[in-house]
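Take a look at the structure set out below.
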Amino acid sequence: DDRYCWDIARPFDQCLLLSGLLEVGVDALFAAPSCHPWALNSRTFTKEARESKRQGQYATLLFLAVACFCQLLMGRSYTLENPAFSDIFTDPLSPLHWLRSLMFTLRYIDQCMTGTELEGSAVKKPTHLQSCSAQGDDQRCTKEHSHIRLDGCGPGGSRTAQTAKY
């Protein structure tokens, strides 16, 4: 997470992380790449702006795709999180789309069903988890409660960023 000084587009960080995967061994790799250029609202950008933002993430997503592939080769698992219906797993500009040609499962979760709250209100945040291993059932909102909107800022800053804690 680049908020905590990791940047998997940076070769030094890639070497450290790859060493951990290959030499130490990681049973389950979990990653939540930036959704900004891939989420539903990115479709409101001009085609040129959207493609430029997506191209800016190429090195990061290429490394992540290779790390996931390594996990598969070693009989281990990976899980990638992104907003539901994001283009990150299907757009040819994303190296993660190659993982769809391999075995994968896709799970849909409305995060309010896992107890995610912000400012005292439930957070729906529709999410897809793509994995190479079985993940369980989808968890869809029962609509028995209201949700806080994630756009904008609250007392702690960006609402979306505040919910990106795993």
statement: All heavy atoms of Lys124 vs all of Cys141, minimum pair found to be CE-CB, 4.3 Å
message: When you compare the side chain of Leu102 with that of Leu72, does any pair of heavy atoms fall below 4.5 Å?
response: yes
- request: Would you give the length of the straight line joining atom CG of Asp27 to atom CE of Met74, rounded to the nearest 0.5 angstrom?
  value: 10.5 Å
- prompt: If you round to the nearest 0.5 Å, how far is CZ of Phe104 from OG1 of Thr79?
  reply: 13.0 Å
Gap between atom SG of Cys112 and atom NZ of Lys143 - 0.5 Å precision: 10.5 Å
query: How about Gln57 and Trp38: do any of their side-chain heavy atoms sit closer than 4.5 Å?
result: yes
message: How about CZ on Phe69, more than 12 heavy atoms from neighbouring residues, nucleotides or ligands closer than 6.0 Å, or not?
response: no
- request: State, without any angle test, whether Arg107 and Gln130 hold a side-chain donor-acceptor pair at a distance under 3.5 Å.
  value: no
task: Run the numbers on Leu106 and Arg100 for side-chain contact (heavy atoms from CB on, under 4.5 Å), then give the verdict.
output: CA-CA 10 Å; Leu106 193 64; Arg100 288 281 173 103; 3.8 Å; yes
- request: Return yes if a side-chain donor-acceptor contact under 3.5 Å exists between Thr44 and Arg50, otherwise no.
  value: no
query: Got Lys125 and Leu118 here, is their nearest side-chain heavy-atom distance under 4.5 Å?
result: no
message: Hydrophobic clusters here meaning ILVMFWY residues chained together by side-chain heavy-atom distances under 4.5 Å, can you tell me if Val123 and Met113 are in one?
response: no
- line: OH (Tyr78) and CG (Leu99) are apart, to the nearest 0.5 Å, by 4.5 Å
message: In the structure I gave you, are the side-chain heavy atoms of Leu17 and Gln14 within less than 4.5 Å of one another anywhere?
response: no
message: Against Leu80, only a single residue in Leu29, Leu96, Leu129 fulfils side-chain contact (heavy atoms from CB on, under 4.5 Å); can you say which?
response: Leu96
task: Enter the distance from Asp110:CG to Thr116:OG1 here, rounded to the nearest 0.5 Å.
output: 10.5 Å
task: Could you tell me whether a side-chain N or O of Ser131 sits under 3.5 Å from a main-chain N or O of Thr105, the two making a donor and an acceptor?
output: no
query: Backbone N or O of Ala39 within a donor-acceptor pair of the Asp87 side chain at under 3.5 Å?
result: no
- request: Give a yes or no on whether the backbone of Ile8 and the side-chain of Asp13 come within a donor-acceptor separation of less than 3.5 Å.
  value: no
task: Evaluate the side-chain proximity of Ser94 to Phe89: yes if any heavy-atom separation is below 4.5 Å, no if none is.
output: no
message: Please determine whether side-chain contact (heavy atoms from CB on, under 4.5 Å) holds for the pair Thr90 and His97, giving the CA-CA distance in whole Å, both sets of side-chain angles, and the decisive distance to 0.1 Å.
response: CA-CA 5 Å; Thr90 56; His97 89 278; 5.6 Å; no
query: Under the 3.5 angstrom rule, does the side chain of Gln71 hit a backbone N or O of Ser77 as a donor-acceptor pair?
result: yes
task: Might you confirm whether atom CZ of Arg43 has over 12 heavy atoms from other residues, nucleotides or ligands at distances under 6.0 Å?
output: yes
query: Should Met103 and Leu64 be regarded as members of a common hydrophobic cluster, given that ILVMFWY residues are connected when their side-chain heavy atoms come within less than 4.5 Å of each other, either directly or indirectly?
result: no
message: Would a single hydrophobic cluster contain both Leu61 and Leu18, if residues Ile, Leu, Val, Met, Phe, Trp and Tyr are joined by side-chain heavy-atom contacts under 4.5 Å?
response: yes
- request: List the steps, then state whether salt bridge (charged side-chain N to carboxylate O under 4.0 Å, His left out) holds for Asp91 with Arg54.
  value: CA-CA 10 Å; Asp91 188 310; Arg54 290 178 178 185; 2.5 Å; yes
- request: Go through the steps to decide whether Gln139 and Tyr108 satisfy the test side-chain contact (heavy atoms from CB on, under 4.5 Å), and finish with yes or no.
  value: CA-CA 6 Å; Gln139 293 181 338; Tyr108 178 95; over 6 Å; no
query: Is there a donor-acceptor pair under 3.5 Å between the side chain of Ser121 and the backbone N or O of Ile148?
result: no
- prompt: Could you state the interatomic distance from SG (Cys68) to CG (Leu21), rounded to the nearest 0.5 Å?
  reply: 9.0 Å
- prompt: Hey, does Cys35 have a side-chain heavy atom less than 4.5 Å from the side chain of Ile88?
  reply: no
message: Once you measure the plane-to-plane angle for His128 and Phe85, does it fall in the parallel (<30°), tilted (30-60°) or perpendicular (>60°) bin?
response: perpendicular
task: State, yes or no, whether a side-chain contact exists between Pro83 and Thr127 at a heavy-atom distance under 4.5 Å.
output: no
